[in-house]
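All chains are named by letter (A, B, ...) in the order of the sequence lines, taking the proteins before the strands, and each is independently numbered beginning at 1. Computed from a prediction, not measured in an experiment: that's the story for all the values here.
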There are 2 protein chains.
Amino acid sequence: MVSPTLSDVAQAAGVSYATADRVINNRGNVAQKSIDKVREAVAALGYVRNVAAANLSRNRVYRLAFLIPTGTNAFFNRIRNHIRHAAEHLSVDRITVEIIDVSAFSVDALEESIADLAQRDVDGVAIVGLQNPLLEGPLAKLRESGVAVIGLVSDLPQKFRSAYIGIDNMVAGRTAARMTGMAHAGGLGAIQTFVGSMEARDHAERLQGFCDVIAADYPHLTVLDPILTKDDPAVLKEAAGAVLSARSNVTAFYNVGAGNSGLVAAIGAAPENRPFCVVHELVAHSKQALIDKHIDLVIDQRPDIEVNRAFAMLRALLDERDLPPMPDLMPTIYVQDNLPADPLIDIAEAQSR
Amino acid sequence: MVSPTLSDVAQAAGVSYATADRVINNRGNVAQKSIDKVREAVAALGYVRNVAAANLSRNRVYRLAFLIPTGTNAFFNRIRNHIRHAAEHLSVDRITVEIIDVSAFSVDALEESIADLAQRDVDGVAIVGLQNPLLEGPLAKLRESGVAVIGLVSDLPQKFRSAYIGIDNMVAGRTAARMTGMAHAGGLGAIQTFVGSMEARDHAERLQGFCDVIAADYPHLTVLDPILTKDDPAVLKEAAGAVLSARSNVTAFYNVGAGNSGLVAAIGAAPENRPFCVVHELVAHSKQALIDKHIDLVIDQRPDIEVNRAFAMLRALLDERDLPPMPDLMPTIYVQDNLPADPLIDIAEAQSR
DNA sequence: AGCAAAATGATCGACGTATATCATAAAATG
DNA sequence: CATTTTATGATATACGTCGATCATTTTGCT
């Protein structure tokens, strides 16, 4: 009942341990005949390499790095907290983690940071990326030197990373639309949307998904042209306030991007008969707004699951074993009743200097 | 930069390896003075025990068991699939998993199964339990023999398990109510509820949470007395059909328990102007019903996360290390747009014999 | 002081794998 | 057939910890 060792395999295959080892770690200089015998023995005995012993032997340490956009963006602070928190518990497994700040959404800065990684003696990286061909050169170089690369939250050019971990923003937008549609219960309505920037791929995708569902399933609702906010709370406060005081026929707000504190401030100032409100990302602000009933829904991308998956993925890539099962990652709907206790949300602001 | 070994600690503390080892694995017969010195050295060097090496040395294998209710219940089939799937990838870590079927919701059967576990030479168990004092005896005996015990999905008597992994059913009910309230957009309405059994603690809690929120925040809605279904699809089909054909003023259905296929069948038979529908647990049936727009929402308890957490928890308990970060577990809201791809949902029915 | 009990040191052989060296055996080449 | 490749075997050391054993030293107690 105990699992077989490589010695057992060698014996069963009728070869020496050395030869079995040559096959398993394909070191070459082995006759095809022997390879087959070993392979068969592996299959017959159900041999699985003991990764713990292997890593112990080669004294393996994993040096991981995360490239995360800087700034006061509450969402990325939350991601950072999750990474740090996970990292604390990973030293047990000989894993060291480094969070590298990158100037937010600048292709040049990102390109440079990726190039820098090559010097840094790193085994695996998760990058909050951009779909820009400029990144392909440094990414290719990085991967050639044996570094595992995955995209996180925002994808990299597909051929230049091993995996992408993040939600489908089209789905996120569709989900927001579905909830907004439901909340109108068949009545007429007009939805004021807000976006940070139409160049941001994730914003565009969310809006697209949103409009698709409203058009298809809620024809009695109108989606108004998005107001551009640059994710700036001040801009949002101003714009939302204007809409509210105009006593327009707007029945719902959907903020595709960030800057929710401004939106909440505007609503707080005019609480009477506010529109139905959907925003993205559960952070200290939006959580409090939910509790205060200033907004109705938060669509979240579960950064805790994302970070969890990122680590599992990187380890699997580095150990050359296949992926363990991981929780599914889908846009999650929060209302005031199903909020997680997660303290990492609330300390987000405090920790970001 | 390499992490210190116990030898390093011993040296730093000015004691022999043997003494350091006595402290770390508290084997006793060590002077307080030495204990302190070693503790200090551990803190100073940041020593963390190499679990891989430790397990290798003691040739540790974890024998885990899951006690899961039998029957064709789609939800538990899904749980079973997740366990099996996870188990496949855990042999790498020398973990063997056994799923033990228990006659559903029978205290006697559960008591017997728990007693049997003592013979079974198991290191850790996750039990879909009941809050019944009858279980306390066998549970105490089990834990005395060094077995780690956690409750899964449904809790055990609190003093007799190390942890509980499952959602708060009150929260689940509240969440369902919030969504149902929203979907009425301030209009009048009456909600027909269905429960399997009022003795089932989870059903009662969900209903309680549901009624609480409706009463507090949606006073224009009426919650009708629950119809008892015994989780039987046939009963549900009959009852729901009757309500529908009576052309009553019912605006929403909330099924607290199982047997959704019956509810869906009734709705499918009378599709015109159906009520708003909320059910629990995403399984093949309910997923398809969402896609077909026969129901509106599914509140799910994320069995994938639950199983993930259960394994992490058991390993942490057995290794005597502290818990790694795990994704939060909250009732999750699914609509037709944010459904997970998870193939384990769909094969659920097929795999159950 | 004398003696038992408690504490400490020194050291060994596992665990399963990686990685290396060196000698020998088999196969391919001309 | 002689010679060079190529393949195989045998064996050693290291990784960090656990669980021993045995000898020795220190402490506590009367």
Side-chain angles (χ1 to χ4, degrees), chain A residues 1-39 41-42 45-62 91-95 123 146 318-321, chain B residues 1-39 41-42 45-62 91-95 123 146 318-321:
Chain A
M1 201 56 234
V2 292
S3 35
T5 73
L6 191 48
S7 298
D8 299 331
V9 170
Q11 200 172 358
V15 300
S16 69
Y17 177 90
T19 299
D21 170 69
R22 287 182 182 109
V23 174
I24 292 294
N25 297 329
N26 41 342
R27 309 185 194 274
N29 279 349
V30 191
Q32 188 59 46
K33 200 173 59 175
S34 301
I35 295 181
D36 293 340
K37 281 194 292 183
V38 172
R39 290 267 152 78
V42 165
L45 299 186
Y47 169 77
V48 279
R49 181 162 142 275
N50 185 327
V51 183
N55 289 346
L56 175 61
S57 165
R58 52 161 71 127
N59 210 358
R60 191 88 160 87
V61 292
Y62 301 91
S91 58
V92 177
D93 296 317
R94 264 50 187 172
I95 294 177
D123 302 300
L318 295 176
D319 275 343
E320 286 170 17
R321 54 174 159 177
Chain B
M1 201 54 234
V2 292
S3 33
T5 74
L6 192 48
S7 299
D8 298 332
V9 171
Q11 199 172 358
V15 300
S16 70
Y17 177 90
T19 299
D21 170 68
R22 285 190 255 259
V23 174
I24 292 296
N25 297 329
N26 41 344
R27 309 185 194 273
N29 279 349
V30 191
Q32 188 59 46
K33 197 172 64 175
S34 302
I35 295 182
D36 294 340
K37 281 194 293 183
V38 172
R39 291 266 153 78
V42 165
L45 299 186
Y47 168 78
V48 279
R49 176 161 148 279
N50 185 328
V51 184
N55 290 347
L56 177 61
S57 161
R58 52 162 72 130
N59 209 1
R60 192 91 160 86
V61 291
Y62 302 93
S91 59
V92 178
D93 296 317
R94 262 56 184 170
I95 294 176
D123 303 300
L318 295 176
D319 276 343
E320 287 168 18
R321 54 172 159 177

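Closest contact between the side chain of B/Tyr17 and the listed nucleotides D/dG16, D/dC18, C/dG9 involves D/dC18. In the set C/dC15, D/dT17, D/dT8, the nucleotide with an atom closest to the side chain of B/Asn50 is D/dT17. Across D/dT8, C/dT8, D/dT17, the shortest atom-to-atom separation from the side chain of B/Ala31 is found for C/dT8. Residue A/Arg49 has its side chain nearest to C/dA18 when only C/dA10, C/dA18, D/dT8 are considered. Ranking D/dT17, D/dG9, D/dC15 by closeness to the A/Asn59 side chain, first place goes to D/dC15. Nearest nucleotide to the side chain of A/Asp21, out of C/dT19, D/dG16, D/dG9: C/dT19.
A close approach under 4.0 Å does not occur between any side-chain nitrogen or oxygen of B/Ser16 and OP1 or OP2 of C/dT8. For C/dT19, the OP1/OP2 oxygens have a side-chain nitrogen or oxygen of A/Arg27 closer than 4.0 Å. Contact annotation: B/Asn29 side-chain N/O to C/dA6 OP1/OP2 distance is not under 4.0 Å.
Screening B/Lys33, B/Arg39, B/Gln32 for a side chain to side chain donor-acceptor pair (under 3.5 Å) with B/Asp36, the sole residue that qualifies is B/Gln32.
Using a 4.0 Å heavy-atom cutoff across all strands shown, A/Leu56 reaches at least one base atom of the nucleic acid. Using a 4.0 Å heavy-atom criterion, one finds that A/Asn25 contacts the sugar-phosphate atoms exclusively. Residue contacts for A/Ala54: at a heavy-atom cut-off of 4.0 Å it reaches the sugar-phosphate backbone alone, with no base atom in range. Among the protein residues, A/Val51 comes within range of no part of the nucleic acid, since none of its heavy atoms lies under 4.0 Å from any strand.
For D/dG16, its base never sits under 3.5 Å from the side chain of A/Arg94 at any donor and acceptor pair. A/Arg22 contributes a side-chain N or O that forms a donor-acceptor pair with the base of D/dG9 under 3.5 Å. Side-chain atoms of B/Ser57 and base atoms of D/dT17 include a donor and an acceptor less than 3.5 Å apart.
For the pair A/Asn55 and A/Asp319, the minimum side-chain heavy-atom distance is below 4.5 Å. B/Leu6 has its side chain out of reach of B/Arg49: every pair of non-hydrogen atoms, C-beta onward, lies at least 4.5 Å apart.
Taking atom CG of residue B/Asp36 and atom C1' of nucleotide C/dA7, one finds them 15 Å apart after rounding to whole Å. Between the CD1 atom of B/Ile24 and the C1' atom of D/dC18 there is a distance of 13 Å, rounded to whole Å.
A donor atom on one side chain and an acceptor atom on the other are not found under 3.5 Å apart for A/Tyr62 and A/Asp93.
Both A/Asn55 and B/Thr19 sit near DNA chain C, but only B/Thr19 has its closest nucleotide nearer the 5' end.
Checked by atom type and distance alone, the side chain of B/Asn50 pairs as donor or acceptor with a backbone atom of B/Ala52 at under 3.5 Å.
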